[in-house]
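Some notes on the structure that comes next.
Numbered from 1 within each chain, the chains take letters A, B, ... in sequence-line order. Scope of the values below: all heavy atoms of this structure, side chains included, with no hydrogens, waters or symmetry mates. From a predicted model like this one, the values you see are computed outputs, not experimental measurements.
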There are 2 protein chains.
Amino acid sequence: MAQEPEPVAKKSRAPSMHDVARLAGVSHQTVSRVINDLPNIREETKQRVLDSMEQLQYRPNRAARALVTSRSRTIGILTASRTNYGPAASIQAIEDAANAAGYAVTTASISGYESTAIVRAIDRLLDQAIEGLVVIAPQRRVFDTLAGMSLRLPIVTLQSTGTDGDKSLSVDQILGARLATRHLIELGHRYIYHLAGPQDWIEAEARMTGFLDEMSDQDMPTTAPILGDWTAEFGYFAGRELLRMRDFTAIFAANDQMALGLMHAIRDGGLEVPRDISIVGFDDIPDAAHFWPPLTTVRQDFAELGRRCMALLLGGLEAGEEYAGSILPTLIERGSSAAPQTR
Amino acid sequence: MAQEPEPVAKKSRAPSMHDVARLAGVSHQTVSRVINDLPNIREETKQRVLDSMEQLQYRPNRAARALVTSRSRTIGILTASRTNYGPAASIQAIEDAANAAGYAVTTASISGYESTAIVRAIDRLLDQAIEGLVVIAPQRRVFDTLAGMSLRLPIVTLQSTGTDGDKSLSVDQILGARLATRHLIELGHRYIYHLAGPQDWIEAEARMTGFLDEMSDQDMPTTAPILGDWTAEFGYFAGRELLRMRDFTAIFAANDQMALGLMHAIRDGGLEVPRDISIVGFDDIPDAAHFWPPLTTVRQDFAELGRRCMALLLGGLEAGEEYAGSILPTLIERGSSAAPQTR
DNA sequence: CTCATCGTTGTTCACGTTCACAAACGGTGA
DNA sequence: TCACCGTTTGTGAACGTGAACAACGATGAG
C-alpha cells in the first residue's frame with residue numbers, strides 16, 4: 001500500500017545489472033547473457049537490453065564478476081628499473097597485448113635490492129589476485145625468491161635463466177654478445193675489454209658469457225670483465241680508469257648507456273672513437289644512432305618480446321607445459337667501430 | 001551423525017575468511033576485525049586468528065572486499081609514450097607512493113593518435129573502477145576528451161593546462177623555457193631558433209610560450225619555432241635543414257633527444273658545438289651529461305612530481321577542492337652552450 | 001489430441017567480504 | 001540482588017555478478 005516511488009535523491013551509486021534489467025523489462029540474467037554474448041536471446045530483447053545499458057551508462061562491476069568467477073582478468077608484471085628503455089618498451093608491448101585480450105595489467109617494481117623488497121613486490125601482485133605473472137626483473141635474487149615461493153600461476157620470464165622450470169622467453173643474449181665480439185675481432189681487434197652489467201643480472205651474465213665464449217673460440221687473449229651498473233655515469237668512470245693502461249683497442253659494453261659514458265671518457269682523455277678505440281654497445285636504444293659517433297650496437301626487439309610474452313601467457317593460462325623461446329638479436333653497424341690503427 | 005571429515009582432495013580454492021575462522025574457533029567477523037585492525041579484540045583471540053591466517057596462507061580476497069565496500073583501492077594512470085624517460089620516471093614515483101598508501105596502480109597507454117584510442121584507454125581504466133586518475137598524457141586532445149566525459153572522480157594532471165577545473169601539478173615549463181632562453185641570451189646570442197615539440201602537446205606549447213615570451217621581453221628577433229616530434233631522429237633532420245641557412249648561433253630544443261639529434265646534424269655538417277652553434281635541451285635525462293658535448297639542459301624532477309601527485313590524489317580522494325601546484329625547474333649548464341663566435 | 005523438444009526467459013543460490021545490529025560476558029553501583 | 005554499562009564476540013544481511021536449474025510458450029511428431 002504505502003509503496004511510494006523512490007524519492008528524488010536516490011542512493012547515488014553506479015547502475016547495476018538489476019537497474020538495466022528493470023528498465024528493459026527483463027531479468028538480470030538476461031542482461032548477463034547479453035553482456036557475455038551468450039546465444040539463445042531474441043534479437044529484439046537483446047537490443048532492448050543494449051539500449052537500456054546505453055541509457056544508464058552501465059558498466060559491469062569488475063569486482064562482482066571477479067568474485068563469482070574467481071578470475072581477476074589481471075596480469076602482473078614484476079619489474080626492476082622501469083625507467084630504462086628496454087623494460088619500458090617490453091612493458092608497453094605487454095600492456096597492449098593484454099588489453100587486446102581483455103586483461104588488465106598491474107605492475108610492481110622492486111625498489112632497492114634487499115630480498116624483502118622483492119617479496120613485498122610479489123606480495124602486492126598476489127594481493128591483486130593476478131592470473132599470470134611476467135617477470136622483467138632479471139636478477140638472480142628475484143628468481144631465487146620466486147622459486148622459493150612456489151606460486152600456483154603461469155609465469156613467463158623475459159630472461160632465460162637456463163635453470164628454471166617456468167616458461168621463459170628472451171632475446172638470445174649470448175648470441176648477441178657473440179655477434180658484437182665477433183664483429184670487433186673481424187675488424188682486426190685482438191685486445192678487447194668487456195664492460196659488463198651488475199653481477200646478479202642474468203642478462204649481464206649472459207652477455208659476459210657470450211663475450212668470453214667468442215673470445216676463447218677465436219683464441220683471443222681475455223681479460224676479466226669490469227662489472228658496471230648499466231649507467232652512463234659508470235661507463236664514464238670505468239673509461240677513465242681503463243685509459244690509464246691503454247692495453248686494448250676496443251671495448252664491448254653490455255649496454256648503450258655505458259657505451260655512451262665510455263665514449264665520453266675516451267674523448268676527455270684526448271682520444272678518438274673509433275680511430276683510437278672502437279666501442280660496441282648493446283640494446284640499440286633509439287638515441288644510439290645519434291650518439292657521437294653513432295653507436296655500433298646489438299638490437300633487441302623489445303616490442304616483439306612483449307607481444308610474444310603475452311601470447312605465451314594467454315595461451316598457457318590453463319595448460320601448463322614448459323616452453324622456452326628466443327628471439328634473435330641483430331648487429332647494427334655504425335660509426336663507433338672500425339679497424340684498429342696500424343702502429 | 002554422518003558428519004564425516006572432509007575427504008583428502010577437498011575443493012581446491014584459496015582459503016577464505018571462514019576457513020580461518022573455523023581453524024581459530026571464532027566467527028568470520030572476528031577474523032575481519034583482526035584483518036582491519038579494529039579495536040576491542042582480546043589479545044589472545046587476535047593472536048590465535050593471526051596464527052590461523054599464517055598457517056593457511058590466507059590472503060584477503062580483494063574482489064569481495066571491493067564489492068562490499070565499493071572501493072577498488074586502485075589508481076589509474078593514463079599515459080602516452082611510456083618509453084620516454086620523463087613519463088616513466090613519473091609513473092615509477094606514482095606507483096611507489098600509491099603502494100605505500102595501500103593502493104594498486106593500473107596504467108593505460110594511448111596507442112595511436114585518434115580520439116577513439118583515447119576514449120578506449122579511459123574506458124579501460126574506468127572498467128577497473130579506479131578511484132583516482134593521473135593523467136600523464138599531455139596532449140590537448142586528451143584533456144578535451146576527458147572534459148567531455150565529465151568523470152566523477154578525482155583527477156590530477158601532470159601538466160597544467162591552465163584551463164581545466166581539475167587539480168594539476170607540473171614542473172613550470174614556461175619558466176624552464178625562459179631559463180634556457182635567458183641563458184643563451186646572456187651568453188650573447190641574438191639569433192636563436194626553437195625546435196619545439198608536437199603541436200598538441202601541452203608541454204611543447206608551454207615551452208614554446210616560455211621561449212617566445214623571453215625573447216620578446218629581451219627584444220630579440222624571433223623566428224617561427226620548428227615543430228618536431230620529440231625524437232632524436234627528427235632533431236637530426238631538422239638540424240640538416242637549418243644548417244642550410246645558418247642565420248643563427250643557438251638552438252633551444254624542447255627536449256634532450258631532439259637536442260642530441262641536432263648536435264649530430266651539426267657535426268655532420270662540419271661545424272662544432274658549442275664553437276659554432278650552442279645547443280640547450282630540456283629534461284636532463286640521465287644520459288645528457290655524457291652526450292658530446294655534455295648537454296646544457298633544464299632539469300625536471302620527475303620523481304618529486306610523481307610523489308606530490310599521489311599526495312594530492314590521496315589527500316583529495318574525498319575532498320574536492322581545486323589545486324594547482326608547480327615545481328621549479330633548474331638550468332644545468334654543461335658544455336653544449338657557450339658565447340657565440342665573434343666574427 | 002497428447003507429448004516430447006527446443007528456444008527463450010526467469011528464479012535461486014553462491015562467491016568472500018563488510019556493516020549494522022544483537023548477544024553474551026564480566027564488572028559496578030544502588 | 002538486580003539493573004546497567006562497556007567490552008568482546010556472533011548473526012544475518014547486503015554488495016553485483018554468473019551458474020545451475022526451472023519454467024514457459026511454440027512447434028512438430030505420433
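At a threshold of 4.0 angstrom between heavy atoms, the contacts of B:I41 are confined to the sugar-phosphate backbone, with no base atom among them. Nucleic acid contact class of B:N40 (heavy atoms, under 4.0 Å, all strands): base. If you check every strand for non-hydrogen atoms under 4.0 Å, B:T45 touches sugar and phosphate atoms only. Contact annotation for A:P60: backbone-only contact, meaning every heavy-atom pair under 4.0 Å involves sugar-phosphate atoms and none involves a base.
Regarding contacts with the backbone of C:dT9, every side-chain N or O of A:T30 stays at 4.0 angstrom or more from both OP1 and OP2. Contact annotation: B:S70 side-chain N/O to D:dC15 OP1/OP2 distance is not under 4.0 Å. Distances shorter than 4.0 Å separate none of the side-chain N or O atoms of A:S16 from OP1 or OP2 on D:dC15.
Side-chain contact annotation: B:S109 with A:E95, donor-acceptor N/O pair under 3.5 Å present.
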Residue pair B:F302, A:T83: steps toward the side-chain contact (heavy atoms from CB on, under 4.5 Å) verdict = CA-CA 11 Å; B:F302 294 108; A:T83 48; over 6 Å; no
From CA spacing to verdict: side-chain contact (heavy atoms from CB on, under 4.5 Å), A:L153, A:L126 = CA-CA 10 Å; A:L153 43 80; A:L126 291 180; 4.0 Å; yes
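Atom OG1 of residue A:T107 and atom CG of residue B:N99 lie 8.0 Å apart, to the nearest 0.5 angstrom. Interatomic distance, OG1 of A:T116 versus CD1 of A:I110, reported as 11.0 Å (0.5 Å rounding).
At a threshold of 4.0 Å, the pair A:R307-A:E304 counts as salt-bridged, since one of the basic side-chain nitrogens sits closer than that to a carboxylate oxygen. Remark: A:D127 does not engage B:R62 in a salt bridge, criterion side-chain N to carboxylate O under 4.0 Å. Contact check on B:R22 versus B:D19 returns a salt bridge, with a Lys/Arg side-chain nitrogen under 4.0 Å from an Asp/Glu carboxylate oxygen.
B:H28 contributes a side-chain N or O that forms a donor-acceptor pair with the base of C:dT18 under 3.5 Å. Between the side chain of A:R71 and the base of D:dG18, no donor-acceptor pair under 3.5 Å is found.
End-to-end axis angle for the helix from C:dC1-D:dG30 to C:dA30-D:dT1, using five pairs per end and rounding to 10°, comes out at 60°.
Summarising the geometry, the separation between CD on A:E44 and P on C:dG7 is reported as 19 Å, rounded to the nearest angstrom. Note: CZ (B:R59) to P (C:dC15) measures 21 Å, nearest angstrom. Distance CG (B:L56) to P (C:dG16): 14 Å, rounded to an integer number of Å. Taking atom CE of A:M53 as the reference point, atom C1' of D:dT17 lies 14 Å away to the nearest angstrom. Computed from coordinates, the A:Q29 CD to D:dC24 C1' distance equals 16 Å when rounded to whole Å. Following rounding to the nearest Å, B:D127 (CG) and D:dG16 (P) show an atom-to-atom distance of 16 Å. In this entry the distance linking CG of A:D19 with C1' of D:dC15 reads 13 Å, nearest Å. Look at CE on A:M17: it is 10 Å from P on D:dA19, rounded to the nearest Å.
Here D:dC15 is the nucleotide among D:dC15, C:dC15, C:dG10 with the atom lying nearest to any side-chain atom of B:L67. The listed nucleotides are C:dT9, D:dA14, D:dT17; the one nearest the side chain of A:H18 is D:dT17. When each of D:dG18, C:dT9, C:dT18 is scored by its nearest atom to the side-chain atoms of B:R65, the top-ranked nucleotide is C:dT18. Of the candidate nucleotides C:dA20, C:dT17, D:dC15, C:dT17 has the atom lying nearest to any side-chain atom of B:N61. Checked against D:dG18, C:dT18, C:dT17, the side chain of B:Y58 finds its nearest nucleotide in C:dT17. Nearest to the side-chain atoms of A:R42 among the listed nucleotides D:dT17, C:dT18, C:dT9 stands C:dT9.
Residue whose closest nucleotide on DNA chain D sits further toward the 5' end, between A:P15 and A:R33: A:P15.
Nearest approach of A:V20 to A:V49, heavy atoms of both residues: CG1-O, 4.1 Å.
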